[in-house]
4 protein chains.
Amino acid sequence: MAGVNKVILIGNLGADPEVRYMPSGDAVANVRIATSDTWKDKNTGERQERTEWHNVVFFGKVAEIVKQYVHKGSKIYVEGKLRTRKWQGQDGQDRYTTEVVVDMNGTMQMLDSRSGGGVGSSVPFDDAPAYQSSRGGGRPQSSSPAPSSVGSSQGAADFDDDIPF
Amino acid sequence: MAGVNKVILIGNLGADPEVRYMPSGDAVANVRIATSDTWKDKNTGERQERTEWHNVVFFGKVAEIVKQYVHKGSKIYVEGKLRTRKWQGQDGQDRYTTEVVVDMNGTMQMLDSRSGGGVGSSVPFDDAPAYQSSRGGGRPQSSSPAPSSVGSSQGAADFDDDIPF
Amino acid sequence: MAGVNKVILIGNLGADPEVRYMPSGDAVANVRIATSDTWKDKNTGERQERTEWHNVVFFGKVAEIVKQYVHKGSKIYVEGKLRTRKWQGQDGQDRYTTEVVVDMNGTMQMLDSRSGGGVGSSVPFDDAPAYQSSRGGGRPQSSSPAPSSVGSSQGAADFDDDIPF
Amino acid sequence: MAGVNKVILIGNLGADPEVRYMPSGDAVANVRIATSDTWKDKNTGERQERTEWHNVVFFGKVAEIVKQYVHKGSKIYVEGKLRTRKWQGQDGQDRYTTEVVVDMNGTMQMLDSRSGGGVGSSVPFDDAPAYQSSRGGGRPQSSSPAPSSVGSSQGAADFDDDIPF
DNA sequence: TTTT
DNA sequence: TTTT
């Protein structure tokens, strides 16, 4: 059947990313991103603003980048897809949470002028076992500069499969 | 602050739209749209498919179009934005529902080859008081052909403010 | 520096694809896609229509799919990027042509209801040496059904690297 | 027939905008935006970069904003549509130029951290007769802060029709 | 011609 | 909870 399921966001992180690791060693990073709409009220003419908060989940390589270079307040561009997860509340009832998933088919870009420049630790990924995942077979590099873009989608540089990032 | 909050979907309706009217007379149409991902399992090589269901809410003029020309099984293109609503469960606890909102800044296109052709009733909108909304001051026309596109966004024809559609 | 360079089109082919092969054996398919804008003239109230023609170039696997299943009149969804090529006119002067490039980072979807159903030739790809490209190591299959989506982008099923499609 | 014709760009201006005015008084702003792709060469493993230059044309209110707040080096988000113009070379032959058009259905966002902050002149628009266009009937304001977003599209605040911006 |  |  196919179809298109695409989300594009530009906004700021409300807090630092929360990173965890899958049994496979792959990283998963969760962030909250705020976008805001502003408009003038038709009647009062006063400026209105509504902030929308989005749950965004990064998988794999892009999750590592998020972990290293993105933090509270960062402005980022995100391209992903919608996914609604079902889970059980404490009362046993079904609950649903909709997230924007950014995996190897998605994209992330840092939009802050000095996007992580100089942020690169001299021992990057030493606490990121996910790096030895099947997708990345490369070796960690030292003093790596912060990439400003990750992903396989249009308009964002791809990261090789055999190089850390 | 601004930001970008955009969703693009192409999928099929799981059921006919549910339409209701605001006190103002504006129509609101809710639909469920399915998109599906297909891929081959890395290990087994078997084809996998995952269907994602999206709650989409149309407001105003585009809601009227959806009501008239879109139905169960219709394939449509939708451009809107994410919005998460908070509501109270019967147990008094907060629940959240994320929807794709398509308002005057969004777009809808019918993608079925014969997109509603001949569907135009000879007495269109006679049950759509919303039409006398502040946004549309025009008079209903008879035998109107089905538009295949509605909205103000790029790539989709705009509907005038003073003509039914 | 990075950046985003993305084009999304839904339109119909003005003619059958023109396919050629690179020295590497990779296929390249060129098509012309028409999109149209309709609007009502502010003064006369008459419906206006403007058709825009786009040059779209497909590379690699997606080019093979286009060759096999897409033809004059087909309605497709395309996600790619802009690229302007410089070339020499017969007069020796520089000319520029802007195209929408759909490569392994782009996407293509067939939107016709019966998207190529039954189109699958019993000897697919027999004239498509490109198939033995570095990206695809698989073997052609017979009687393959038409895929309705190709590409690595969000919302479109990916085609494996080791299976024809 | 309809269709979708959408372009999304994030990039930097190569030079200050060139602004001119239509007989109607409406402003038109032309800019060149660079986006760049980076990837690693499959063989040498060396990082490659390709810069793409886009001609972007802004119409109406957004053209005024561009004129006032965007300049050489600015990083912006743009949502528009493709349009190919035909023109005559000095040799009388037809030439074609493809541009990204951003009109009232498009969007522009400034992405530099301090997006025009303090840029607002105390006498904004005094050289912008276009402002008395039919779309904007408002009066120029003094000391207006720079908006970071303009347009009617999803995810970007709309500017009222009756207020300068 | 921008930017990193 | 971000940002302007």
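Just so you know, these numbers use all the heavy atoms, side chains as well, and skip hydrogens, waters and symmetry mates. Sequence lines set the chain letters: A, B, ... in the order given, protein chains first and strands last, and positions in each chain run from 1.
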Donor-acceptor pair (no angle test) under 3.5 Å: D/Thr35 side chain, E/dT2 base: no
What is the distance, to the nearest angstrom, from the [atom1] atom on [X] to the [atom2] atom on [N]?
| X | N | atom1 | atom2 | answer |
| --- | --- | --- | --- | --- |
| D/Leu13 | E/dT3 | CG | P | 10 Å |
| D/Leu9 | E/dT2 | CG | P | 18 Å |
| D/Asp37 | E/dT2 | CG | P | 19 Å |
| A/Lys75 | F/dT4 | NZ | P | 7 Å |
| A/Glu52 | F/dT4 | CD | P | 20 Å |
| D/Met110 | E/dT3 | CE | P | 17 Å |
| D/Asn12 | E/dT4 | CG | P | 7 Å |
| D/Asp112 | F/dT3 | CG | C1' | 15 Å |

Considering residues at least two apart in sequence or located in another chain, which fulfil the side-chain contact (heavy atoms from CB on, under 4.5 Å) criterion with D/Ala63? D/Ala27, D/Ala29, D/Phe58
Basic-acidic side-chain contact under 4.0 Å: D/Arg85, D/Glu99: yes
Residues forming a salt bridge (charged side-chain N to carboxylate O under 4.0 Å, His left out) with D/Glu52, sequence neighbours excluded: D/Arg50
What heavy-atom pair brings A/Gly80 and A/Val102 nearest, and what distance separates the two atoms?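 Heavy atoms only, the tightest pair is CA-CG2, 4.2 Å.
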